[in-house]
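Residue numbers start at 1 and run along the sequence shown.
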Amino acid sequence: MTNAAAVSNKKSDQKVDVVLVGAGIMSATLGALLRQLQPDWSIALFERLDAASAESSDPWNNAGTGHSALCELNYTPQNSDGSVDVSKAITVNEQFQVSRQFWSHAVENGVLSNPKEFINPIPHVSFVHGADNVEYLRKRYEALADQTLFRGMEFIDSPDEFTRRLPLMAKGRDFSDPVALNWSDGGTDVDFGALTKQFINYIGTGGTVHFGHDVRNITKQSDGSWNVKVVNNRTRKKRTLNAKFVFVGAGGGALPLLQKSGIKEIAGFGGFPVSGQFFRCTNPDLISQHGAKVYGKAAVGAPPMSVPHLDTRVIGHKPGLLFGPYAGWTPKFLKEGKLTDLPMSIRPNNLMSLVGVGLTEFGLTKYLITELLQSTDGKVDTLSEFVPKAIGKDWELITAGQRVQVIRRKGAGGVLEFGTAVITSEDGSIAGLLGASPGASTAVTAMLDVLKNCFGSQYKSWEPKLKEMVPSLGVQLTDNPTLFDEVWAYTAKTLQLVDDAPAGGASSDELAESSSV
């Protein structure tokens, strides 16, 4: 592959304005935004599998936390002087507020239907034990409690209150080992699979959605457009579409397709696949005793993706309970991928990035080896830190979604990043998303960035409409407590996250006007 996209003049079977690759939350979000902004544009979406959100967006393939940094301790690291850095937590929370606002606008305008199908209120809780960790959690609380986006957070270190709120975690616990919680009632559980399906149904009302279709290649044309080669997996029929803009939101499949496109911006990028497993509770009595998303601390030296959590899920109106993650490893880039995915992604321009990470990430290597060698009984022992009375027969081990962590060039080598990265070509005609958590929860922010970076000539004219969709657009809510209170009340009411919301209240249009004053 060269550093510049190869250019051809091959004829296409059909011309469209936009091609979306992958039927996950990213493509679905971008497609919904574009349908609102440019209803006259033609959009074609292609998904290799036979259903939407069947990979990482599936509710059993992710924790569905609705990452707002209320409970994830990896977003609030402790500095060498003992203070707690909350900057990442504030950034992630800001991004989730953008998602809440767009979803609320979509509900108001009939793009999305019953909110309880995809979002439900669930407390978000940070949990630690041991005197040093309790002191850390106290400092975290003190650093966050006065922040606009984290108001209402509680610090709890009373065993009696712990037992009242988390009875499943309290039963059999030795409270001579100090415990503490940061408790936030404003958290949510999000079924990104259900949300994705609703968005894709909306895209299909004005565009075309093709399941069982594999995008094999993307080739730049001399006029700046892209030819997208697609194969029907059932009939084996091939077709080529010509698109003015292509978005590759194919999860672990994004890296290989962006490499095939030949854009210079993907040079040096690699991917490191990590699979995950969760314990899913099969005992309804245990499920009924726990109603929160409780996140702990990753073990010393373990990567951020290893943060253990006991996670209440609401899927199809039915509560469930997960614990994990337990890491696994496979060279596949997708759960339904191929064993050749990793080796086929290696290129001359990313080889040193991969080698550099291999030489420096000893902690990740040790963590993965330890996880792979862990028996089922060992996994139950890990669970017992959260559920002291846990027994194996109450839990089943399930395989979650495949995550491909981003490897980015740094100097002569590379660095492993635990997050998301939006890759955009210089001319803005193609973009793709790499990486993992907190991806789904911040999908709206990520796709707004795609719009701004790829549609510069149209973006200015779109801003009034975007301001209706996201009233806080361009405003930091953390610095504007009055506006935050207004959009919080609006989104809580529209998304049916409160039972006693008063009638009336500001609409998204009214909030957009007030935030501009």
Side-chain angles (χ1 to χ4, degrees), residues 63-66 68-73 76 89 116 119-147 149-190 279-297 307-314 317-324 380-391 394-395 488 492 497-501:
T65 305
S68 46
L70 294 171
C71 58
E72 304 93 331
L73 297 179
T76 52
K116 290 191 178 297
I119 188 167
N120 287 276
I122 295 289
H124 285 198
V125 183
S126 305
F127 157 66
V128 298
H129 61 91
D132 290 344
N133 287 329
V134 168
E135 183 59 24
Y136 155 73
L137 205 64
R138 188 187 304 276
K139 290 180 178 178
R140 177 182 185 269
Y141 165 76
E142 291 169 351
L144 286 174
D146 292 333
Q147 296 287 337
L149 306 182
F150 294 84
R151 287 188 312 223
M153 177 181 285
E154 300 174 75
F155 176 80
I156 297 166
D157 61 357
S158 160
D160 289 342
E161 189 63 15
F162 184 106
T163 301
R164 186 181 74 81
R165 300 199 189 198
L166 298 172
L168 182 63
M169 293 180 61
K171 193 174 296 183
R173 183 170 298 279
D174 178 5
F175 284 106
S176 65
D177 179 26
V179 296
L181 306 173
N182 283 170
W183 186 285
S184 299
D185 277 322
T188 54
D189 173 74
V190 183
F279 267 140
R280 179 166 58 189
C281 188
T282 59
N283 186 333
D285 181 55
L286 298 185
I287 295 171
S288 68
Q289 294 178 45
H290 188 81
K293 290 181 178 292
V294 182
Y295 274 57
K297 287 188 75 174
V307 173
H309 45 97
L310 185 64
D311 213 60
T312 293
R313 301 302 323 271
V314 182
H317 301 284
K318 184 179 180 180
L321 190 60
L322 290 177
F323 177 80
V380 174
D381 287 342
T382 302
L383 168 61
S384 66
E385 181 183 359
F386 281 67
V387 185
K389 292 288 190 179
I391 53 176
D394 291 328
W395 305 80
W488 182 265
L497 297 175
V498 289
D499 295 327
D500 57 350

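- For the atom pair CZ of Arg173 and OG1 of Thr163, the computed distance is 9.0 Å after rounding to the nearest 0.5 Å.
- Rounded to the nearest 0.5 Å, atoms CZ (Phe155) and CG (Asn182) are 7.0 Å apart.
- Side-chain contact between Met153 and Gln147 is absent, with no heavy-atom pair separated by less than 4.5 Å.
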Next item on the list: Show your reasoning for whether side-chain hydrogen bond (donor to acceptor under 3.5 Å, both in side chains) applies to Glu72 and His309.
Entry: CA-CA 9 Å; Glu72 304 93 331; His309 45 97; over 6 Å; no
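- For the pair Leu286/Val387, no side-chain contact is recorded, criterion being any heavy-atom separation below 4.5 Å from C-beta on.
- Distance check, rounded to the nearest 0.5 Å: CG of Leu310 to CG of Leu383 gives 7.0 Å.
- Note that CD1 of Ile156 is 8.0 Å distant from CG of Leu166, once rounded to the nearest 0.5 Å.
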Note to self: As a quick check of understanding, evaluate salt bridge (Lys or Arg N to Asp or Glu O under 4.0 Å) for Lys139 and Glu142, giving each step before the final call.
What the structure shows: CA-CA 5 Å; Lys139 290 180 178 178; Glu142 291 169 351; over 6 Å; no
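- The closest side-chain heavy-atom distance from Arg138 to Asp157 is below 4.5 Å.
- Using a 4.5 Å heavy-atom cutoff, the side chains of Tyr295 and Val125 are not in contact.
- Every salt bridge (charged side-chain N to carboxylate O under 4.0 Å, His left out) that Arg151 has, sequence neighbours left out, goes to Asp485.
- Each of Ile122, Thr188, Asn120 was scored for a side chain to side chain contact (heavy atoms under 4.5 Å, CB included) with Leu497, with one residue passing: Thr188.
- Smallest separation of non-hydrogen atoms from Pro167 and Gln289: CG-O, 3.2 Å.
- Remark: Asp185 engages Pro123, Glu154, Trp183 in a side chain to side chain contact (heavy atoms under 4.5 Å, CB included) (not counting sequence neighbours).
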Next item on the list: Apply side-chain hydrogen bond (donor to acceptor under 3.5 Å, both in side chains) to Asp160 and Ser158, showing your working.
Entry: CA-CA 5 Å; Asp160 289 342; Ser158 160; 4.9 Å; no
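- Taking a 6.0 Å sphere around CG of Asp177, one finds it holds more than 12 heavy atoms contributed by other residues, nucleotides or ligands.
- Using a 4.5 Å heavy-atom cutoff, the side chains of Val380 and Trp395 are not in contact.
- With rounding to the nearest 0.5 Å, the separation of NZ in Lys293 from CG in Leu322 is 7.5 Å.
- Here the rule is side chain to side chain contact (heavy atoms under 4.5 Å, CB included) with Arg313, and of Val190, Asp189, Leu321 only Asp189 fits it.
- Of all heavy-atom pairs spanning Lys116 and His317, the tightest one is O-CE1, 4.0 Å.
- Scanning for ring pair (Phe, Tyr, Trp, His ring centres under 6.0 Å) contacts around Phe386 gives Phe127, Phe323, with sequence neighbours left out.
- With Pro178 as the fixed residue, the side chain to side chain contact (heavy atoms under 4.5 Å, CB included) test singles out one of Val128, Val134, Asn133, Asp132: Val134.
- From Leu144, atom CG reaches atom OG of Ser184 across 8.5 Å, with rounding to the nearest 0.5 Å.
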Margin query: Pair Ser126, Tyr141 - check side-chain hydrogen bond (donor to acceptor under 3.5 Å, both in side chains), show working.
Written below: CA-CA 10 Å; Ser126 305; Tyr141 165 76; over 6 Å; no
